[in-house]
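Below: the structure, in structure tokens.
Basis for what follows: all heavy atoms, side chains included, without hydrogens, waters or symmetry-related copies.
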Amino acid sequence: MSRTSFLLSSFLLSRARRTVGIIALVLTIFVLPAMAQQRAPDGAPNPDASAVHEQTLLQQEPRITGRIDIPDARAAVLIQPAGRQWDYFHEVLLHWFGAIVIVGMIAALALLYLILGRLRIAAGRAGRTVHRFTGFERFSHWLTATSFVILGLTGLNITFGKIVLRPVIGPDAFTSLSAAAKYAHNFVSFAFVVGLVLIVALWIKDNIPQKVDIAWLLRGGGFIKSKHVSAGRFNAGEKLVFWSALGLGAAVIVSGFLLLFPFYITGIFGMQIAQVVHALVAVVFVAVIIAHIYIGTIGIEGAFEAMGTGQVDYNWAKEHHDLWLEEQLAKEPSAGPAGAPAE
């Protein structure tokens, strides 16, 4: 080998060594520390340092699925990120919303009672009665009312039971009670559907809004004692309850059957929407019925008798449903009421 070739080889080898040294230095200063395992605050090795953070993973995919051999593809869903939002709604937002709406309604009715007391029949009882509801009408009403109370109590247990009831009766008794309540909720729902259909069929013609209903509302619906308000068979307040029951009832029935027969019509997201709608509407429905129960029992003297016996006092009918009373007397002057005077 000539001297020139030897010198060239030595120069190239020196350059190669220098290049390798620079690369090693760069790796030592910049790359290796980033690849080294991070340590926990106490100095111990952190085994999760190089792992992908869960939140990053959830942001990359709408849901995380695995591979399965069974036919039902839904079983492959391992993590449903939207389920965390649903869980927050059910465990936090729904509790606050339900407490504010239901407790707020009870507080408002208590305040109303303290201010006005029970609304008595202004002229006192006449001692005569007028036939107001047939036996079948009352059956339809009580079928709907009884099933609704059962559905309301068992549904409230689903929402508030863990907070209110479980600490009182203990986890074992609460588990048994909740299991039975869930079955009751599912099966009694069919009775509620039948009852709602019946009362709509029976009373929808008497609940069509009329001009007299506006006057009823403007005059305080009879709660302002100095102002007499006329009404037909159902006043504006009762009509509001009727249409609320129809609208809210339809919403809880549709959403409830989606939950009762899961995944037949919709997927996971649709099931979550159905549960949210069912819960929110049910809370509002319970508040409306609480007001209805108050007015029909302790709020107004003589009101409960309409659904209790089907008969109402003549003076009560004249005070609260005078237009309806006139129609009844025009049809049948001697109607039922032993000696009720015709106007």
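When side chains are defined from C-beta on, Trp86 does not count as touching Phe269, because their heavy atoms never get closer than 4.5 Å. Within the 4.5 Å cutoff, the side chain of His320 has no heavy atoms near those of the Asn235 side chain.
Ionic pairing of Glu319 and Arg120 is not present here: no N-O contact between side-chain nitrogen and carboxylate oxygen is shorter than 4.0 angstrom.
Nearest heavy atoms, Ile208 versus Lys239: O-NZ, 2.9 Å. Nearest heavy atoms, Leu177 versus Ile169: CD2-CD1, 4.1 Å. Looking at every heavy atom in both residues, Gln311 comes nearest to Thr129 through OE1-OG1, 3.5 Å.
Of the possible donor and acceptor atoms, none in the side chain of Lys162 sits under 3.5 Å from a partner among the backbone N and O of Thr159.
Of the N and O atoms on the side chains of Asn186 and Lys182, at least one donor lies less than 3.5 Å from an acceptor on the other residue. At a cut-off of 3.5 Å, with distance as the only test, a side-chain donor of Asn157 or Ser178 sits close to an acceptor on the other residue. Checked by atom type, the side-chain pair Trp203/Glu137 shows a donor-acceptor distance below 3.5 Å.
Ring planes of Tyr294 and Tyr113: perpendicular class, angle over 60° (limits at 30 and 60°).
The side-chain tip of Arg132 points at the ring of Trp324 from less than 6.0 angstrom away and within 45° of straight on.
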